[in-house]
Every structure is written in structure tokens, then in C-alpha cells.
Engineer: 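Please find one structure pasted underneath; my questions will follow.
Please read all numbers here as calculations on a predicted model, not as lab measurements. Numbers restart at 1 for each chain; the letters A, B, ... are given by sequence-line order, proteins then strands.
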Number of protein chains: 4
Amino acid sequence: MENKINLEDKLIRTDLVMELVDENNEDMVVEKLDDITITTVNVKKETSSKIGKKEGIYVTISFDDITNFETREKVGKALEMEIAKIIKRLNIKEDYECLVIGLGNVKSTPDALGPLVIQNTLVTRHLFILNTNIKDGMRKVSAISPGVMGTTGIETSDIIKAIVDKIKPDFVITIDSLAALSIDRVNKTIQMTDTGIHPGSGIGNHRKEISKDTINVPVIAIGVPTVVESATIVNDTINYLFKHLSYMKSNLDKSKLTFTKFDDYEEKIKNHNLDDNEKKEVLGLIGLLDENDKKALILEVLNSLNYNLMVTPKEIDFIIAKLSDVIASSINNSLHRQITHY
Amino acid sequence: MENKINLEDKLIRTDLVMELVDENNEDMVVEKLDDITITTVNVKKETSSKIGKKEGIYVTISFDDITNFETREKVGKALEMEIAKIIKRLNIKEDYECLVIGLGNVKSTPDALGPLVIQNTLVTRHLFILNTNIKDGMRKVSAISPGVMGTTGIETSDIIKAIVDKIKPDFVITIDSLAALSIDRVNKTIQMTDTGIHPGSGIGNHRKEISKDTINVPVIAIGVPTVVESATIVNDTINYLFKHLSYMKSNLDKSKLTFTKFDDYEEKIKNHNLDDNEKKEVLGLIGLLDENDKKALILEVLNSLNYNLMVTPKEIDFIIAKLSDVIASSINNSLHRQITHY
Amino acid sequence: MENKINLEDKLIRTDLVMELVDENNEDMVVEKLDDITITTVNVKKETSSKIGKKEGIYVTISFDDITNFETREKVGKALEMEIAKIIKRLNIKEDYECLVIGLGNVKSTPDALGPLVIQNTLVTRHLFILNTNIKDGMRKVSAISPGVMGTTGIETSDIIKAIVDKIKPDFVITIDSLAALSIDRVNKTIQMTDTGIHPGSGIGNHRKEISKDTINVPVIAIGVPTVVESATIVNDTINYLFKHLSYMKSNLDKSKLTFTKFDDYEEKIKNHNLDDNEKKEVLGLIGLLDENDKKALILEVLNSLNYNLMVTPKEIDFIIAKLSDVIASSINNSLHRQITHY
Amino acid sequence: MENKINLEDKLIRTDLVMELVDENNEDMVVEKLDDITITTVNVKKETSSKIGKKEGIYVTISFDDITNFETREKVGKALEMEIAKIIKRLNIKEDYECLVIGLGNVKSTPDALGPLVIQNTLVTRHLFILNTNIKDGMRKVSAISPGVMGTTGIETSDIIKAIVDKIKPDFVITIDSLAALSIDRVNKTIQMTDTGIHPGSGIGNHRKEISKDTINVPVIAIGVPTVVESATIVNDTINYLFKHLSYMKSNLDKSKLTFTKFDDYEEKIKNHNLDDNEKKEVLGLIGLLDENDKKALILEVLNSLNYNLMVTPKEIDFIIAKLSDVIASSINNSLHRQITHY
């Protein structure tokens, strides 16, 4: 397979492997559960070096609207099942102790996913210590929200390493907010991997690598893209513009540039695009820039203006609340054989 | 004076009069207090019809960073002073009863400004009813957060009218999140007017007009732009792109489109722009679209994708908290002759 | 039947009819659903005048621990069923519009139940106004949190009357925190009645009567006791002291007053008590005071010390969150024929 | 001096040294600043062993109402001054790095003081690491909220030790909610000591000792009593009852036990009390129990009922918010020579 973007490109910031590998990648398996899609990518050596992500399994659950009760039920079941699979694949036994880590900043809504999941995580480790209220089927579980460097002054990975060294869990689960390349995936995707998390990813850049290589126990990383860079929306818009105009090519004159909305517009324009001459005609030199140069230019303009912006859906608070509910109970259900108390 | 935008334009959505009138408008007075700027515009008949805002006084306090303690002190003093002026201008006596209304949705950070101000508003009306703990210099003040239509199911203006009819205050102060045309003003501007609030403004569009015309008592409206439409950032970027490229004209070839950042870049490029031929060269047909058509096109592309996005600074939660503190204590200080208890 | 307390008594503050009528009251029906109990009292004229509660139906759902997942499921089902019954009894048709009112102060945890329920109430009235997204089986529902007099400065009943007059719902559901006489019922009881709410009840005393008599539409009141007065715990303790000492009578000398805990202690001591001579011996003159005089004395001592205290379980925040979840979804389920979106 | 309570007593639970030493203790210095009182106790070997508190300095700032703006200003200044003194006494230099630790559970209001202070603590350590935005007069400061065992499953002291070992601060400041013996001190007292914190204290019992002995760097502990045990209020009431009745002795007959409130009642009754015969007459055998046996009896009755209750003022949420503001800015001001950004 060939990768969509060149590795040198420091601009592209995504944690979603899905956005980096081709649809027709032979190591990708796609399942459909009604309206939710589960994509499993087994990133091997070659792909790994191409897309700059660690070798390992990357599972992505895609859905449309988590605020829909039925969707939530399905996503929950699917996530529970996929966590169970990964736990099995990693040979994690029933009596292995787990530390759940909620990364991010609880005071910044789009970055609050991790800490909110922790608030609903069923912790039991202290019950084993105090030897009280232990129920059959319970696993030893602890949970922390280390915060972010901006509010603690401490590198998050340092806090995590210190605690892991102290309490010595057998494996770790992290929950984090991610960055996506495309707005279409924001709050509509849960990615899970057995490779842990890695520098530079995430919206807050709030940590160095957390993986078996750095803390010596398996790290299952669960993440949801909750924002895109403001540069992304500018870039997406320009790209959609091309598709849109190509779709409207027949009447490509200034007077008729505007139009009214069609049903399944997105579907319709998907396979449209302008050729280079058309692009130049419509968008001049900018139209001729390749993806990276175009994005570079946009980023530079925004950066020179010292903007530190993010783009989120207007219902972000409500959506994050629902996402954290689903993820927390899926984790609880897959860690403990039976829970009746949360 | 001539207005910057044509009235027919349904796209332009700003509540800031400052963004609609010319710098050289003879009815505009600009004062400097160190690094904060107070702009007072007296919108008269002619301007009113041109910019589509009610006749009246519009005071804008502009500052750079409300999270800075000293800036906060200055902005607080200035706001207190300006509220006092408007109260005086409206002939509001010391014994007039005030109802403070915090508009917006407390569960959506950028829209939570109003409700957060209410949480810190010193209410006293019940003390007068119970005839207890009344301190010398206290004004009769009540406060409500009517919520937004999406969470109450009720038109916000209906809730307000109902309560005003019932408790009959002598005047009303509203606090609300606003929409701005330009990112430069987000969280850096407090606008106050004696004309109340009007349909279609604000990020939530969450109400019909609230003014002396609709509730029969003077309405002082205080607002802060806390978000911009996602279309705005796309448009802003393209405009900055022109200024940027014009500034770089000398080396206008694809290979050198990127550049490294300069000090006071914004200042430098302010008065640069490309002429039409250049715009066409750089951005093709799009480059030739006028402001409104360009924005129309961007909006249509985004809307056809069913995006409901907003653009905010990453520190929005912290900034909104500080803004609501400043506004609440300025209101408390200007409503009551002396307060020692909030 | 004879009532347990004399009506003149201004001290007794409970909203729970259960605490005021005798177990053997012929108008009381008790059902058991596993470990939860549903008690229905039909308060008729005579009882009404004796216990000082309006004539009508009072349903009480009693349970042990709402933080237990299975208990929550059962309580939810039971509540949903009982709301449906009352709606049927009141001849409320499927197309009748409902206003849900969350009473209390969201900033004071034990008083936050009402506002928290509102946050999870599915409102639809605006969809009917905008004529959009209306789903089959949806009822027209709106919801408000009027706040409390201490933070609005307005009598809560005035806000409610104003809004009811304006939007004219066909019936109202209120949710509120209640006061209980006994600690045993705190957070373990949901009371529902078709008689609305009445002055002096509730922890905040935060309103005048809200009932068909005052707003001209049926009012279904749902409430949970979340605190007891500090005087109650003093009084409860002294009473338990008697039962306890009577149970230990055999070794009633100072040296042996202390003892170690027994299983089902509460059960064991329930039917024990001291006779008057013993009470005098143990607790002197205080021991001879009747319930009301004793409570009067305790209240006076506490009041003269200007204490404004409440007694709550240490896990109150978590418990209130779970209670509001259960109540909100039961309301949603019983108001709408089918909901898939909350 | 002689101590008020016997050491064996496991019932007495207070973190306030003030409540354990005599007023006339020669090692106690009392200063008045208008209506606030600063009490400094130098606990030496003998007293230490008597009251079971570590040798060291204990400073207590007492005030009446932190929600009063002027009181807040004074308390802030005093606290800032006292922290500075202790820092000086411990020979902590300007370039020593500080770790601020907010103990407690942010989800339980009375226990949320520590975490709330952390939210407003100015952290700078990361600026020194990234070598950016360092302002003159800034100290290297980091801050964490380790949570409580019930929500992390980890002994809090383990988390703290792990992080201290990792980042090696030169000294630590802890903020915590405390337990008091008397309701009069709840939310009206800030205690600061150079001895750290010790097992069994605090409302949550949420940690083992944190002191120079355990983490090898000086620990300045700041605490505020925010609750009392429910047993305390029962006990306090009975004690006030005696004082009250002694004050009313002249008319000590059942019929007149009730009375109406007097001005400065508390003052008036302070020096009153009943002699043993009177106590027996009023409260029988219970009246003859000494403080500890009486409290033992109350505790046992409450414990056998499995109550896990706390007593707090009704405005606790608002009070805790104000307390955390004051403490956070006093810490910021005393740690950094000049701050203009928080």
C-alpha cells in the first residue's frame, strides 16, 4: 500500500490510523453492525514506518450520533466486545490488576473526556487492600486523572511513570481526546489500540509516549477525536469547494456560484473533483498547491496571527458527557465479570 | 458616513456595532485607558437604518487579555463607570428596582457567560420583601437565568416578558454571549448598549427582541463576543492571505509561498492588499468574489455538510470564568451604593 | 385513625405523608416489589385536617440504596408505572402539554435534585413551535428551573405562576428536595402526589403553594427527602438512646453504658422503650418532655446559637446524581410514548 | 499546662490544635486584627505528647464570615503574611521549588477545598522546563490533586510519595478539609502548621502521614474545618442545654423549659453551667457521664444505626468557593514575588 501523506510533513496532526491508511489496505478488516462500523487495522512493519504509527492493532468504532440512545447502546456493546478481544489478545488474566488513566483537562470541555470517564470508573483496588466489600468477579482496578502540564506544571508522563512504578499494575488503560484530520470524524469515532499513546498526538500535546516501552506493562489506549485544528476547517472547506464546483461545473460562472442544498450532497460530490487547470481557474495559484503546501500556507497565516483556536460542535458539552458515559460503562463491564454497583 | 456592508446581506452576523460603523464616524468617541480602549458610538437615525441596529448609545470596552489580573482590574473599573453613565443618562433613580437577566446556556461554555454572571449577582429584592438584612445603599435587585429554548422548550423572550409583567422592575440589565465578525474581538470586547437585544444576534439565536419596545422598561444590554462562526475563520484566513501575499508580493511564486513569522506581522500587513488582477492570479474566480459572495459560498459549502461548528480559543472555560467575575462585580458595584457581602 | 402529632406543632417539618399517618390506616395500601416498597395513601377529609396535608393520593416508593444499579432499575420502572397511573387518574390525554418544574438550588447539592432532573428532561415544545423533528409518540413538554428566592430575589411561586399563565400547559410536574422527620428515609424515599406542593415544606422553604388551586392545572409533585434538620438528629439520637438503654436495661449503670454493635441492632431495639420512671432516671426532666417539647427545646438551643445547619450522608453528591438520573428518565418514559434521543 | 482530653480517647476527632490546648497555655500567642484573630501555638515536647499532635508551630486564623468581602480581604492578607513567616522560619529560599497538593474529593463539596485551591494555583514549573514566559520573581511551582482512595483505589500518600520522589520539590504545601470538635469553628478557621498532616485526621481519613519524616522535605499544611461529625452536634447541643438551663435555673420546671431568644445569648451563657446534682436532675444518668463517655454513648448509638452523616452549613457550596479563592491567592502571592496573571 502507499501512504496518503509524506512523513516529513510536520503539519498533518492526526491520531487516527484510519485517516492514514488506504481503504484497500489488505491489513484492514471492516465490519458493519447496523449503522455503526468497526474497522480493525493490523499495522505491520512497512505500514508503520510509512504512516509513523507504532506496529499493533488499531480498532475504530464509527457511528453517527452518540446522543441517540440506541446508537449509544450499540456503541457500548461494540466497545465492550473490542476491549475484551484486546484483553484476550494481550493474555491479560482475570486476576491482573488494571490502572485506568484519564488524560486531559477536566476544565476544558473537549479535552475533558478522560477525566470524565474516570469519574464513572468502578475502582476496587482499595477494597482488596482493606479486604472489604469485594464482590465475586471483581478485578483489582484503580483510576487516576493526572491532569495536564498547563495546570500541574509537571510532564504528565512523569506523573504516570511515578504512580505505575509505585503501585505496579499489570496493565494500563488510557482514555484521551484526540485530534482528527477531518471534521467528519469528530465525536463520531472511538479508536482503541494496544500500542499506547505517543508524543505530539492529542489536542493538548499533553504528554510523552505512554506504552509498554516506557512503563513496562501493556497499555490499551482508547481515544475520541473531539476537535480539529482551525486550519483543518479552512483546508476542508477549500477542498469541498473544489468537489462542489466540479459537481456544479456546468454552470461555473461567478453569478451562479451560490446554490441551494441537495439531499445526500456529501455522497454526490464525493467522487467529484476539478483537474489542475480548473483548480487554477477557480482558486489560482493556491489551487495548484498540493495538500501539504496549501495547509502549510493556511497554518502560517493563522499562526502569524497568534490564534490558539479550536473548532468544536456547538453541543460539545452534551456530547462529551454521553461519550464518557458509554466509555466508562464499557470499561467497567469488560474489566469486571459482574458489577451491580456504579 | 457609509456603511461597510449592504443591509440585504443575511450572512453577516455580528452584534458589535463597532464592526459595522467606520472608524471616522463623527458620532464615535474613542478614549484610551492605558492598554484598554473605550469606544462610544451614538447611533442616530441615518446610521441606524444603514447598519440595521437600533438608535442609541453603544459603548465598547476593548482589551487584550482578561486573564491578566491588572487588565481585569482596569476593565472592571471602566465597565462600572460606563454602567453608571448609562444609568444616569436613562434617569434611573437610586430607588428604582432592577432585574438582571443572564441569557444563554450554562451547559455550553461559550454561551454560559450570562448564567455565570447571575451566579455572582448580589440579589436583594427578597430582603425588601422579608424586610430583613437591608443595608444602607442597597438597591432592590433580582436576577434570573431563563435558559435557552433548546433546553426549556420555551421562547426565552416569553419567559422574560412573563416575569417582567409579574414583578414589574423599573429597568432591566441583560448579559449575553455575542457573535463577532472577526476573531480578533472574541473575548476581548465588552459591548454595552441602552437599546436592549434584538433577534438573530447572539450565538444561540436564543431569543426575540428584549427592549423598551417589548417590555416597556429600559433595557441595558451587556454582551461579549465569545465565538465566531466557522465560516468566519475561513473567510478571515482568505482575507489575511491576500494581505499576506500582497506584503510578500515581490516573491510571489508558488515555491516561496511559505515564510517565517515577523514581529507585529498583523500591524505590518494591515494596509496591504492585492489588486483584482493579483487576487485573480492568486485565488482565481474565488479571488474576484466580493466579501458577501465569498462568504455566501463558504457558508453554503459548510451548511451543505450539515456542520454546526463554532470556533473558540482553547482556554475558553478559564476566560469565561474571569469575564463573568468582572462583569458581575461591576454590575454589583454600580447597582448598590456600597456592598460588602458577595 | 389518630394522628401521631398535634397540628399546633410548628416544629415538626416533614413533607412525607408516610411519616404522619399510622401504619394501620385503612386508606393505606402497601405493595412489595422485591426489596422496594410502594405505599399508596389516599388522604381523605378527616385525615387531611388531622395531619395538615391536602386531600389526595400520596404514593411513596421506598428503597435501600439508589447507587445500586439493580435497585435503580427497579425504582425507575416503579416510578414510571406510578406516574402513568396518576396521569391516567387525572384524565390527562396523550396530547396534553406538560411543564416540568425543577425546584431548588443547583448550587447546593442536597437541594439540587430538581434542577438536575431538568437537565435530563426531554423537552419538545419548541419542536412543535418550529414544527421540526417531531417524532411519533412525542408529547409537548417544556421544562424550567426557577431557582430559589435566595438567588433570584423573587418568590419562586411568582415565577411559576407567571410562566404558567404565559405558556398555558395542561398540567405540571414538579421535582423537589423534601424534608423528612427521620434520617432513615433520607435519599431512600420518592414521594409522588397529585396535590402539588405546599408552603413551609422542603428544605429551602423556597415557595408558596403550587397546586391546581393556585395555577388552575393539575400539579403532580415528585419529591425526595435529601436532608434532615440538625435538630432531628439530636432528637432521633435521644429517642434511639431510650430504646437502646431499654434493650440494655439489665445492665443499666454508668460503667456499662457503652456496648459493642449487634447485627440487626435496629430491628432488635425497634419495639423496646423505657417507661417514664426509667426515662427520668436516664435523662432526668428532659426524659419526661413529650416529643414536641423535647424537640422545641433542642430547636431553641440550636436556633439561639444561630446555626443554619443540615445533616446529609457523606456521599450526597453521588447519590443526588443517581436519583436525578432515575427520576428524569422515568418522567421522559411516562410522558412520551417512545423516545430514542436523550 | 494540662490537656483538656485524655489521650486514650479514640472518639475525639479534631485537627485543630486550638481545640486541644488551654487558653492560658504559655506557648500560645494571640493577635487581633480588627475582627479576625491569629493564634500561634508553639507545641513543644510535653504538650505534644499530651495532645497527640507533632511538635511544631500551629497558626490559626479565626474569622466570622468569609462570604463577607472585607473579611475576605483581611483573611487573605493575614494568611499571606503567615505563610511568608513559616517559609522564612523553614529557611526556604526564593529559588526553592514548591509542590502544592490539594487533598480531598472535588465531587464532595465539604471535602473539595483542596482540589478547588489547586484549580486557582499559579503553576510555573513547566515554564522553567520549556524555558518560556518566565517572569521575574516567579518561583518554580507545580500542583496536583491526588484525589481520594474511594475514587482512585490508591492510598493518597502513595500517590504523593511517588510524585515527590519523581519531581523532587524542595518543599510541599498541602491544602485539606479538616474535622473540628465544635460547630463554632466550621468554615471560620484556617489552620496552618509546619508539621504536615497525620493519620486519622480530616473528614475523609483520606491519607497516611505526609510530613518531612515521610517525604523528606518540609510540609506546610493548610486546613479548614468544613464539617463536624453528626455526633458532635448531638453532644454540643446537650452541653449548650446545660449552660442554657443553668442560665434559666430560676425557672427550671418543665412548663417553662422553652424560652425566646436573647441578644448575645452565646456570650451570656458562656460561663454558666449546672453542678452535678442539677445535671442529674435535668439529664439523669446521662447528665453525669463525663464528656468522653457521653460522646462514646452517642457515637455508639449513631454507629449502630449505620449512619454515615455529616453536618454542614446550608450555604456550604458558596462558602467553600470563597475559602478556596482566598487560600489560592494567598498561596500565589506568598510563593511568587510578583504575579499579574492568574
Engineer: Is T151(B) in contact with chain C via its backbone, its side chain, both, or neither, using a 4.5 Å heavy-atom distance?
Structural biologist: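 T151(B) touches chain C through backbone heavy atoms alone.
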Engineer: Return the OG to CG distance between S108(C) and L113(C), rounded to the nearest 0.5 Å.
Structural biologist: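 S108(C) atom OG to L113(C) atom CG measures 12.0 Å (nearest 0.5 Å).
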Engineer: Does this structure show an ion pair linking D136(C) with R337(C), if we count only N-O contacts that are shorter than 4.0 Å?
Structural biologist: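 Salt bridge flag = yes for R337(C) with D136(C).
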Engineer: I'd like a table of donor-acceptor pairs (distance under 3.5 Å, sequence neighbours excluded) in which one partner is a side-chain atom from residues 212-225 of chain C, with atom names and distances.
Structural biologist:
residue : atom : partner : partner atom : Å
D213(C) : OD2  : K54(C)  : NZ           : 2.2
T214(C) : OG1  : E209(C) : O            : 3.4
T214(C) : OG1  : S211(C) : N            : 2.9
T214(C) : OG1  : S211(C) : O            : 3.0

Engineer: To the nearest 0.5 Å, how far apart are CD1 in I163(C) and CD1 in I159(C)?
Structural biologist: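 One gets 6.5 Å once the value is rounded to the nearest 0.5 Å.
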Engineer: Looking at S142(B), P146(B), S145(B), which makes the most heavy-atom pairs under 4.5 Å with chain C?
Structural biologist: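 Option with the top pair count is S142(B).
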Engineer: Non-hydrogen atoms of chain C under 4.5 Å away: do they reach the side chain of I154(B), the backbone, both or neither?
Structural biologist: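 Both parts, backbone and side chain.
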Engineer: Considering only heavy atoms, which portion of K107(B) lies under 4.5 Å from any heavy atom of chain C: side chain, backbone, both, or neither?
Structural biologist: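 Contact with chain C: side chain only.
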Engineer: Need one label for I129(B): side chain, backbone, both or neither, based on atoms under 4.5 Å from any heavy atom in chain C.
Structural biologist: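 Side chain of I129(B) only, per the 4.5 Å heavy-atom cut-off to chain C.
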Engineer: Can you sort out the partners of K168(B) under salt bridge (charged side-chain N to carboxylate O under 4.0 Å, His left out), two or more places apart, ordered by chain and number?
Structural biologist: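 Per chain and number, K168(B) pairs via salt bridge (charged side-chain N to carboxylate O under 4.0 Å, His left out) with no residue.
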